[in-house]
Number of protein chains: 2
Amino acid sequence: MKISLTPQEIEKRLMDAGVQPTLQRIAICRYVLCEADHPTAEQVKDWAQQNLDKISQATVYNTMNALVDAGLLRALRLPHTEKVIYDDNIEDHHHFFDEETGRLYDLPEEQIDVRSKLPKKFKTNRVEVLFTGKVED
Amino acid sequence: MKISLTPQEIEKRLMDAGVQPTLQRIAICRYVLCEADHPTAEQVKDWAQQNLDKISQATVYNTMNALVDAGLLRALRLPHTEKVIYDDNIEDHHHFFDEETGRLYDLPEEQIDVRSKLPKKFKTNRVEVLFTGKVED
DNA sequence: GAACATATTTAGAATAGTTCTAAAGATATA
DNA sequence: TATATCTTTAGAACTATTCTAAATATGTTC
Ligand SMILES: [Mn+2]
Ligand SMILES: [Mn+2]
Ligand SMILES: [Zn+2]
Ligand SMILES: [Zn+2]
């Protein structure tokens, strides 16, 4: 499901998005774009501190914010935790939260059809659906 | 839209829910059940400190948690803020967030029809839709 | 490549929202 | 009234995140 990217490809993505490709940012992208599944900043920090010589918490947060601002990631805030969750799926899509495992699944937009009868004065820009339940093995 | 309740009615609701009806709790219920619209704990505290002789922040949080645990309120966590939002509408329902005003509107469950084609292993317990946009005057 | 400007990283302090602690006060029960 | 149980409280603690300001790295110009 996750894509595989060379450091060069990541570097290009960052440059194209107007983000200077530092060592720390490339490494974090490697994790969030190619490995992680809806990680929190804490998970990114844990991974980075194990896989890089040295990286500070501030850099992790700075990088996550830079990636969100550049449009390479989205920040999610969901009911089950107060931590921000980062999503490398930047398409419009929906989510399924497995309350047994805590895992979050992406649901492609076209799998969900939301029909609403809202009064005309409600002008909708975005619709997001969160399913909660469990996923059978 | 909001209901009007006498202190006696509030007292009964609390007792029925197994919550001892203290002065602080009755007052807070008066606000959250009869006046407020999706308030945060901070808004409840501000109201309470203006309208009661004296009340501590801890009591406001304790009370909000007690009311949620008793099923009289629901706690919402939405993308636009990191503060918990309290909802006196305990029915299943959806929300419309007006990004201009910051106001949150309840959408009755029956106004929204969500049709999903999820793989069979996804067993859904709850579906929540968040619309974002603006409400024309 | 030296000199300079600009951007990034960093440790640690600060902040925001909420919960915890433990002592004092209130309420219910006998 | 005595006693047990709950509730309230001030302030400390906690968690997630942001800020500060100094050090380091990177990009740019000659
Ligand atoms: Mn940001
Ligand atoms: Mn609780
Ligand atoms: Zn996603
Ligand atoms: Zn609501």
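Chain A is the first sequence line, chain B the second, and so forth, proteins listed ahead of strands; every chain is numbered from 1.
Of the residues in residues 29-37 of chain B, not one places a heavy atom less than 4.0 Å from an atom of DNA chain C.
In this structure, A:Lys45 places its NZ atom 10 Å from P of D:dT17, rounding to the nearest Å. The CD-P distance, from A:Glu42 to D:dA16, rounds to 6 Å in whole Å. The interatomic distance linking A:Leu76 (CG) with D:dT17 (P) rounds to 12 Å, in whole Å. Rounded to a whole Å, the OH atom of B:Tyr86 is 12 Å from the P atom of C:dG17. If you measure from atom CD of B:Gln49 to atom C1' of D:dT9, you get 12 Å, rounded to the nearest angstrom. Between the CG atom of B:Asn65 and the P atom of D:dT7 there is a distance of 13 Å, given to the nearest Å. Per the geometry, CD belonging to B:Gln43 stands 11 Å off P belonging to C:dT18, to the nearest Å. Atom CE of B:Met64 is separated from atom C1' of C:dT19 by 15 Å (rounded to the nearest Å).
When the side-chain nitrogen and oxygen atoms of B:Tyr61 are compared with OP1 and OP2 of C:dT18, one or more of them lie within a distance under 4.0 Å.
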Contact string for nucleotides 3-10 of chain C, one letter per nucleotide 5' to 3', B = base within protein heavy-atom range under 4.0 Å, S = sugar-phosphate only, - = neither, reads ----SSBB
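Side-chain N or O atoms of B:Arg77 include none that pairs as donor or acceptor with a backbone N or O of B:Lys83 at under 3.5 Å. The closest donor-acceptor contact from the side chain of B:Thr101 to the backbone of B:Arg103 lies under 3.5 Å.
The side chain to side chain contact (heavy atoms under 4.5 Å, CB included) search around A:Gln50 returns none, not counting sequence neighbours. Residues passing the side-chain hydrogen bond (donor to acceptor under 3.5 Å, both in side chains) test with B:Lys12 are B:Asp16, sequence neighbours excluded. Not counting sequence neighbours, the partners of A:Lys2 by the salt bridge (charged side-chain N to carboxylate O under 4.0 Å, His left out) test are A:Asp88. Evaluation of the side chain to side chain contact (heavy atoms under 4.5 Å, CB included) rule for A:Glu100 yields A:Asp98, A:Lys134 as partners, not counting sequence neighbours. A:Asp92 meets the salt bridge (charged side-chain N to carboxylate O under 4.0 Å, His left out) test with A:Arg74; sequence neighbours excluded.
Applying the under-4.5 Å side-chain rule to Ile, Leu, Val, Met, Phe, Trp and Tyr, the cluster around B:Leu107 extends to A:Phe96, A:Tyr105, A:Leu107, A:Ile112, A:Val114, A:Leu118, A:Phe122, A:Val127, A:Val129, A:Phe131, A:Val135, B:Phe96, B:Tyr105, B:Ile112, B:Val114, B:Leu118, B:Phe122, B:Val127, B:Val129, B:Phe131, B:Val135. Residue B:Leu76 shares its hydrophobic cluster (ILVMFWY side chains chained together at separations under 4.5 Å) with B:Leu78, B:Ile85, B:Phe97, B:Leu104, B:Leu130.
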